[in-house]
Amino acid sequence: MAISVLLLSYPRSSDASATIRVLSSFQSSSMDKLSVKSARQAGAIGRNALVQGWIRTRRDSKGGFSFLEVNDGSSLGNLQVIAEASLANYESEVKHLSAGSSVSVRGEIRVSGGQGQATELAATEIIVHGVADPEKYPLQKKRHTLEKLREWAHLRPRTNTIGAVMRVRNRICRSIHDFFQEEEFLYVHTPIITASDCEGAGAMFRVSTLDAEKPPRTPQGGVDYAQDFFGRPAYLTVSGQLEGEIYATAMGKIYTFGPTFRAENSNTSRHLAEFWMVEPEVAFADLNDNMDLAERFLQRIVRDVLTDCGEDLEFFRERIDAEVVARLERIVAGAFQRLPYTEAIALLEKCGEKFEYPVKWGVDLQAEHERYLAEKHFGSPVILYDYPSSLKPFYMRVNDDGETVRAMDVLAPGVGEIIGGSQREERLDVLTARMQEQGLSPADYWWYLELREYGTVPHAGFGLGLERMVQFVTGMTNIRDVIPFPRYPGSAEF
RNA sequence: UCCCCUGUAGCUCAGUCGGUAGAGCAGCGGACUGUUAAUCCGCUUGUCGCUGGUUCGAGUCCAGCCGGGGGAGCCA
């Protein structure tokens, strides 16, 4: 059935003949479909290959033939295609190929006669699937600003920078799963729609099927959410942590990895309204275990990227941030600095640096303070822990001093807070008191409290912002350029 | 949300004291025995963000709005 639908659709496609020709080439020959990445490697020399992708640039030689640079997203480097004038469509199509056009190229991979690449593809056939009118195609053969590329989010993955970012992002995601799976964590899917308000992480997006123009009303005149889809107000999640704790207190070590939503009116290079977060949660673990885990985790990601994304990293070093590779190598080489909040305050008070905001025990650290610690004083990631309880949410475990809680923030040079986490309060009475202190109703969290009532355990976890990790690893300064389709106030196109 | 900067050709920008607009790149045409951001010659390209105001006259001055950037807050 699916096949017949596909066939029916062919005659309506604008380039039906080309599509069918490609299909027949798959069936027929000994020809291998190669990615540009594979075709660029010396091992491919001598193979007959089919390579498919998009033209980056065409150079016509004095000798009456053309060089085509083809990219398919598999690597930063392009495959150089030699298009001889003897090709049937050389004058009619090949000579007019411009950036953005899509092609299938068949031919032999051979040693490149020029500098700059090991291999090239000597074309015996070039099929042009679609041209991109050079008078109109926005991506020119020159550098564009990242701001301009944001306006072309549908075309920007065809650029070197966004392509490299997305390959690194992909590698990071793979490392995240590899790391936790190898450490025997269970991947848990916590809900995206949640009814627990005030999870403590900021403003939430409401999820509702009520008529926004004319919602049903209660006798008192308020909106009657009893008639809404879930029979109560519902929101997009701001964190999977509370649900993660449910699974950690049954299955030991778990992690969540999924989209997270914050309805804050944040307009910065470090915030998104929709972003991806990784949240491990570990039973029978304390804050030290948590810090060890965070450090091992970050080092693993960085090591994998250094190993597997060399070409892309070199691009970032050259074009985006000259220090990026050195910074990553330092991460892998050494332990992170760990510093209690109280000592950090003392250090900042004595450091002689002039801050716009004064430093004092009991106040939250400002961006300038965090930056001083991570960038100037230590020059490496810093883990700050044991924050004043007044600064942190109800679920963090209260220390014996009664004044601080077992919170930790990992501050990365360049991006600031990359991880926030804590040991959780496992004592029912203390937890209940803390909720009341912060004006929350324990009744609303009955299921969260029952985890403490029945077989409570010390446990800890943290959240890593995926995009901030991508920023840190690539050196990209704006978070809107490390996610395919950024969502922020006033912006949800594409 | 607050503070500062900014908006002129497809892109990056210049535009003096208010007198109807300019460069580089890209594109197009041509030249050129393997090029690599190819090179050389020639040509084309405008709602000066929007609305209103001041003025004989506004890209330029004023007000409001919209977009973009940097910083701050909220955080990951």
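So that the names make sense, note that chain A is the first sequence line, chain B the second, and so on, each numbered from 1. Note that the structure is predicted; figures quoted are calculated from it, not measured.
Contact annotation: A:S61 reaches the phosphate of B:G34 (side-chain N/O to OP1 or OP2, under 4.0 Å). For A:S269 and B:G71, the shortest distance from a side-chain N or O to OP1 or OP2 is below 4.0 Å. The phosphate of B:G68 (OP1 or OP2) has no side-chain N or O of A:R480 nearer than 4.0 angstrom. For the OP1/OP2 pair of B:A38 and a distance below 4.0 Å, the side-chain nitrogens and oxygens of A:R59 include at least one atom meeting the criterion. OP1 or OP2 of B:A72 lies within a sub-4.0 Å distance of a side-chain N or O belonging to A:R270.
Residue ring and base: A:F65 does not count as stacked with B:G34 (centre distance below 5.5 Å and interplanar angle below 30° not both satisfied).
Across all strands shown, B:C25 pairs with B:G10; the Watson-Crick or G-U wobble distances both stay below 3.5 Å.
Comparing B:A37 with B:A26, their P atoms sit 13 Å apart, to the nearest whole Å. Here the separation of B:A38 from B:A72, taken at their P atoms, is 39 Å to the nearest Å.
Checking B:U1, B:A76, B:G71 against every side-chain atom of A:L272, the shortest atom distance belongs to B:A76.
A heavy atom closer than 4.0 Å to some atom of RNA chain B occurs in A:E417, A:I418, A:I419, A:G420, these being the qualifying members of residues 416-423 of chain A.
A donor and an acceptor atom sit less than 3.5 Å apart, one in the side chain of A:E120 and one in the base of B:G34. Side-chain atoms of A:Q80 come within donor-acceptor range of the base of B:U35, with a qualifying N/O pair under 3.5 Å. Put simply, the side chain of A:R110 and the base of B:G34 share a donor and an acceptor less than 3.5 Å apart.
More than 12 heavy atoms of other residues, nucleotides or ligands shown are found within 6.0 angstrom of CZ on A:F179.
For the 3.5 Å distance criterion, the side chains of A:Q181 and A:Y255 qualify, holding a donor opposite an acceptor. Residues A:Q241 and A:E245 bring a donor and an acceptor atom of their side chains to less than 3.5 Å of each other. Side chains of A:H459 and A:T249: no donor on one and acceptor on the other come within 3.5 Å. One side chain, A:Q117 or A:S112, offers a donor N or O that lies under 3.5 Å from an acceptor on the other.
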Reading nucleotides 2-13 of chain B 5' to 3', which nucleotides get B (base under 4.0 Å from a protein heavy atom), which S (sugar-phosphate only), which -? --------BBS-
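Remark: A:M291 CE to A:F462 CZ distance equals 12.0 Å, nearest 0.5 Å. In this structure, OG1 on A:T474 lies 7.5 Å from CD1 on A:I172, to the nearest 0.5 angstrom.
The ring of A:F355 has its center closer than 6.0 angstrom to the ring center of A:Y372. Checked against a 6.0 Å centroid threshold, the rings of A:F394 and A:Y445 count as neighbours.
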